[in-house]
Amino acid sequence: MFTKQFERRVYLALGVLVFAIALGGSFGVYVLWPSNREAGYEPKQPIPYSHKLHAGELKIDCLYCHAEAEKGPHATIPSVATCMKCHEQVQTKDKDGNLTEGTKTLLDHWEKKEPIVWNKVHDLADFVYFDHSRHMAADLTCQECHGPVETFEHMRREYGMKMSWCLDCHREELSEDDPARQRGLETRGPIHCTACHR
Ligand code: HEC
Ligand code: HEC
Ligand code: HEC
Ligand code: HEC
Ligand code: HEC
């Protein structure tokens, strides 16, 4: 028979082992879990909406659908009503004369007055402060941060948007005659921690 003291040691050793496996396992999951914060992330959407067609070939202005980008922190996704300004009339059919799957889904949501639940492509951590309107006021183009969207058949993340990505731009030194220098700026954007972490 084992002594009580020895038994206690066996239990302790087993406990440590179980703890180590649990910790190692969760670390592995954390490292290997597919990240939605990487460049190239391209979630499937409920409707095959094409920026290449609408913003590229049809040349609809980005702000026609994302006007909030100039007004506040979020660019926001347009409602079905915005789509229906055209799609009340424009209804794509396949070669057999039936409505395409995408058009059917769109009309279905409109009839039932149901919003389309798009999957988020960009989603910064909650502890980061970001405001579109401030960047639009500084005359940045959408493409500087989102890539050549007018060529995207499916929306994807062009950049990972990690902290270093923001800072690479913010750290760029302003030329001597840049008007932003009048406001005390020396680099393109602020680089102190509390600008983005409030
Ligand atoms: C006709 C309306 C329309 C126009 C015009 C349009 N978009 Fe969009 N945009 C959408 C819709 C709908 C979504 C959501 C579906 C998707 O992600 O494909 C979206 C998604 C996006 C997203 C990703 C949102 C997220 O989830 O992170 C970005 C970035 C974006 N648009 C940028 C642009 C830019 C830049 C332009 C101009 C070159 C533009 N859009 C023109 C309708 C439009
Ligand atoms: C300085 C970089 C930058 C510029 C310029 C920029 N965006 Fe964004 N955009 C971002 C970031 C960062 C996010 C993620 C925001 C978040 O998750 O809170 C984002 C998110 C979005 C989204 C998702 C919805 C939202 O607001 O979170 C859309 C749509 C979008 N941008 C469209 C546009 C359009 C259209 C333009 C041009 C009119 C534009 N963006 C200009 C960086 C930028
Ligand atoms: C300014 C007009 C306009 C707006 C606004 C608009 N579209 Fe379109 N859309 C078109 C045109 C034009 C076509 C091409 C029709 C064709 O070739 O048959 C089209 C085609 C489509 C198709 C069919 C693609 C296919 O092959 O099945 C879908 C789906 C679609 N749009 C979704 C949307 C959604 C979702 C919105 C709102 C976010 C939207 N559209 C806003 C004009 C518009
Ligand atoms: C391509 C360049 C560029 C990128 C990328 C960029 N910014 Fe900026 N940012 C600017 C410019 C330009 C300004 C405006 C500076 C001014 O004139 O006041 C600015 C200003 C800001 C401000 C201060 C304005 C305010 O609302 O208080 C914050 C915060 C900010 N950016 C956050 C971010 C974050 C977070 C990211 C990354 C997710 C980012 N920026 C990516 C160029 C950029
Ligand atoms: C221009 C904006 C900006 C500035 C300035 C900034 N950060 Fe960040 N920070 C970010 C963004 C964006 C992320 C990543 C969020 C995400 O992954 O979605 C981040 C993430 C972090 C994280 C989490 C770990 C990581 O890397 O994801 C820490 C910690 C952090 N920042 C600390 C700081 C400190 C300390 C400073 C000042 C020296 C600072 N930040 C300045 C934008 C900024």
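Numbering of ligands and ligand atoms starts at 1, following listing order.
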Shortest protein heavy-atom distance from atom 12 (C) of ligand 2, along with the residue and atom involved | Met161 SD, 3.5 Å
Considering only protein heavy atoms, which is closest to atom 2 (C) of ligand 2, and at what distance to one decimal place?
-> Cys145 SG, 2.0 Å
With a 4.0 Å cut-off on heavy atoms, is [X] in contact with ligand 4?
{"X": "Met163", "result": "no"}
{"X": "Trp165", "result": "yes"}
{"X": "Arg198", "result": "yes"}

Stacked cation flag Arg157 on Tyr159, 6.0 angstrom / 45 deg = no
Are any non-hydrogen protein atoms located under 4.0 Å from atom 23 (C) of ligand 2?
-> no
The atoms of ligand 2 lying under 4.0 Å from a heavy atom of Thr141, numbered in the order shown, are 5 (C)
Numbered atoms of ligand 5 (with element) below 4.0 Å of Cys196, judged on heavy atoms | 1 (C), 2 (C), 3 (C), 4 (C), 5 (C), 42 (C), 43 (C)
Which of the atoms in ligand 5, numbered in the order shown and given with their element, are less than 4.0 Å from a heavy-atom of His170?
-> 1 (C)
Cys193, Ser164, Pro190: member with heavy atom nearest to atom 41 (C) of ligand 5 = Cys193
Heavy-atom contacts with Ala195 under 4.0 Å: which atoms of ligand 4 show up? List them by number with element.
-> 29 (C)
His135, any N or O under 3.5 Å of ligand 2 N or O | no
Hey, is there an N, O or S on His66 sitting under 2.8 Å from atom 8 (Fe) of ligand 2?
-> no
